[in-house]
Structure formats: structure tokens, C-alpha cells
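What follows is one structure encoded as C-alpha cells, with my remarks underneath.
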Amino acid sequence: MAHWLFKSEPNVFSFEKLTAEKTTDWSGVRNHSAKLNMMAMKLGERGFFYHSNEGKAVVGIVEISALYRLDRSDESGKFGMVDIKAVEPLPRPVTLEAVKAEPRLAKMALVANSRLSVQPVTDEEWAIVCEMGGLVQRGAKRAKAPA
DNA sequence: GCCAACGTTGGC
DNA sequence: GCCAACGTTGGC
């Protein structure tokens, strides 16, 4: 399963708002790389929700709840959207600063291609950010507690 | 509020 | 089809 990252300015559309509304269509994307990423998304795949400008942190987990389809707000007819739904907030938001400070995340699109609004996240990056955020993934190997 | 980075547009 | 100009994003 692939993983993703959605960026949003919290004063425009925050994770809290998504949680309250349960689900939303991710319309308004007008970038071809972001479009290609959305076209590759499958139902049930998960992504991070990142707050840009204010907060600058990964704050929650979302799930793809509807596949790519045309965005009717786009007059050119070229761009589309998926639906996402809120899954859960991160116990501890992972700030951009923390991501930049983690060498294993140096290639993450959030750092390397900061302007892309819908990004792919590798499995390794996903696991690292989840761990930093205080989420233990199902099936993930856990370090043994000290005796 | 500034400005660097990047994508898009449009003239040629 | 190239590339300069312009607009937008987003970190600082």
C-alpha cells in the first residue's frame, strides 16, 4: 500500500475541520504532479495531513475514501480530485523542524519538494513519521521493553 | 512581509 | 519548442 501526504493551510482547511466534517473532496488542485499522485491513489490507502504556513507540522492521518475523478470546479476539465476522510490525529504533531532534523527524512518530498501539495510518502518515511508522532503501527516491530 | 523556488503562460 | 515573464506557494 502506498502512502501519501496532503498539505493544507489550517486557516483555510484544518485537520480539525476535516475531523468535524468526517470527509471532504480534495478539489482545487491545479498541479500536474499532484494530479498524477491522486490518480495513483487507491481506496483505503492512508496519508498524512500536513498544516502549512501555520503550525508547519504533520498533524493527522487520513484515508482515501473515493477514487480520482474530475473536479467539476476546474473549468479546463484537466484536473480532478479524490475524497479523503479523517482517521485519527497524531498524538504528537511532527513539525517540519523535526522532519528536517531527521537525516532519514532528508529525501522526503516535504523537504525536497516543499511546494508540491499532494506528495507520495515512502513506507520507510511513513513508519518514521508515525513513530515520531507517537503512533505505533499495527504489525510494526516493537523494541522489547527493558527488563 | 519578503523572497526563493518552482510551475505555468504566452510571445516569438 | 524555447525561454522570459509572471504568478503562486510556503518557509522564514
Side-chain angles (χ1 to χ4, degrees), chain A residues 1-138 140 143:
Chain A
M1 291 248 292
H3 294 104
W4 310 99
L5 182 145
F6 295 85
K7 265 199 308 208
S8 182
E9 297 187 32
N11 57 357
V12 177
F13 192 87
S14 67
F15 188 72
E16 289 73 21
K17 191 171 181 190
L18 178 62
T19 302
E21 296 183 5
K22 304 276 196 291
T23 181
T24 190
D25 58 68
W26 207 245
S27 58
V29 172
R30 299 290 182 268
N31 173 282
H32 291 289
S33 297
K35 169 186 168 172
L36 290 173
N37 289 331
M38 289 196 292
M39 289 178 79
M41 292 176 185
K42 295 173 185 158
L43 285 179
E45 286 183 340
R46 297 200 161 182
F48 290 128
F49 197 95
Y50 174 80
H51 281 171
S52 61
N53 288 323
E54 279 179 54
K56 284 178 290 181
V58 177
V59 294
I61 307 290
V62 300
E63 186 173 307
I64 310 304
S65 56
L67 292 175
Y68 183 87
R69 62 192 185 283
L70 281 184
D71 177 353
R72 299 180 70 189
S73 73
D74 172 30
E75 292 179 4
S76 76
K78 290 179 184 173
F79 293 98
M81 61 193 184
V82 295
D83 282 6
I84 58 173
K85 67 177 181 184
V87 175
E88 60 184 331
L90 286 185
R92 288 188 295 124
V94 178
T95 63
L96 181 64
E97 191 182 9
V99 169
K100 285 185 168 176
E102 170 51 73
R104 292 175 297 167
L105 297 177
K107 288 183 181 170
M108 203 173 166
L110 191 62
V111 178
N113 189 4
S114 65
R115 289 193 50 203
L116 184 59
S117 62
V118 180
Q119 311 177 350
V121 174
T122 68
D123 291 344
E124 187 192 5
E125 290 161 355
W126 181 264
I128 293 168
V129 174
C130 281
E131 188 184 339
M132 291 166 74
L135 272 189
V136 179
Q137 298 189 95
R138 266 181 304 171

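Below, chains carry the letters A, B, ... as their sequence lines are ordered, and counting in each starts from 1.
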Point to revise | Member of A/L5, A/T19, A/L18, A/D83 meeting the side chain to side chain contact (heavy atoms under 4.5 Å, CB included) criterion with A/V62 | key: A/L18
Reported [atom1]-to-[atom2] distance for the pair [X] and [Y], which is rounded to 0.5 angstrom:
| X | Y | atom1 | atom2 | result |
| --- | --- | --- | --- | --- |
| A/K107 | A/E125 | NZ | CD | 9.5 Å |
| A/K85 | A/K22 | NZ | NZ | 11.5 Å |
| A/R92 | A/E131 | CZ | CD | 9.5 Å |
| A/T24 | A/F13 | OG1 | CZ | 4.0 Å |
| A/K100 | A/T95 | NZ | OG1 | 10.0 Å |

**Study point:** Minimum-distance nucleotide (side-chain atoms of A/K100 versus C/dG10, B/dT8, C/dC12)
**Key:** C/dC12
Value in whole Å for how far the [atom2] atom of [N] lies from [atom1] of [X]:
| X | N | atom1 | atom2 | result |
| --- | --- | --- | --- | --- |
| A/Q119 | B/dG7 | CD | P | 12 Å |
| A/N37 | B/dG7 | CG | P | 13 Å |
| A/R30 | C/dG7 | CZ | P | 19 Å |
| A/K7 | C/dT8 | NZ | P | 16 Å |
| A/K56 | C/dG10 | NZ | P | 12 Å |
| A/L116 | B/dG7 | CG | C1' | 11 Å |
| A/Y50 | C/dT9 | OH | P | 15 Å |
| A/H51 | C/dG11 | NE2 | C1' | 16 Å |

Point to revise | Bending between helix ends of the helix from B/dG1-C/dC12 to B/dC12-C/dG1 [5 pairs per end, 10° resolution] | key: 10°
Practice item. Take the angle between the ring planes of A/F79 and A/H32 and call it parallel below 30°, perpendicular above 60°, tilted in between. Key: tilted
Review item, nucleotides 3-5 of chain B N/O atoms under 3.5 Å of protein N/O:
unit_1, atom_1, unit_2, atom_2, d
B/dA5, N3, A/R115, NH1, 3.0

**Study point:** Short side-chain donor-acceptor distance under 3.5 Å, A/S52 and A/R115
**Key:** no
Practice item. List the steps, then state whether side chain to side chain donor-acceptor pair (under 3.5 Å) holds for A/S117 with A/R30. Key: CA-CA 10 Å; A/S117 62; A/R30 299 290 182 268; over 6 Å; no
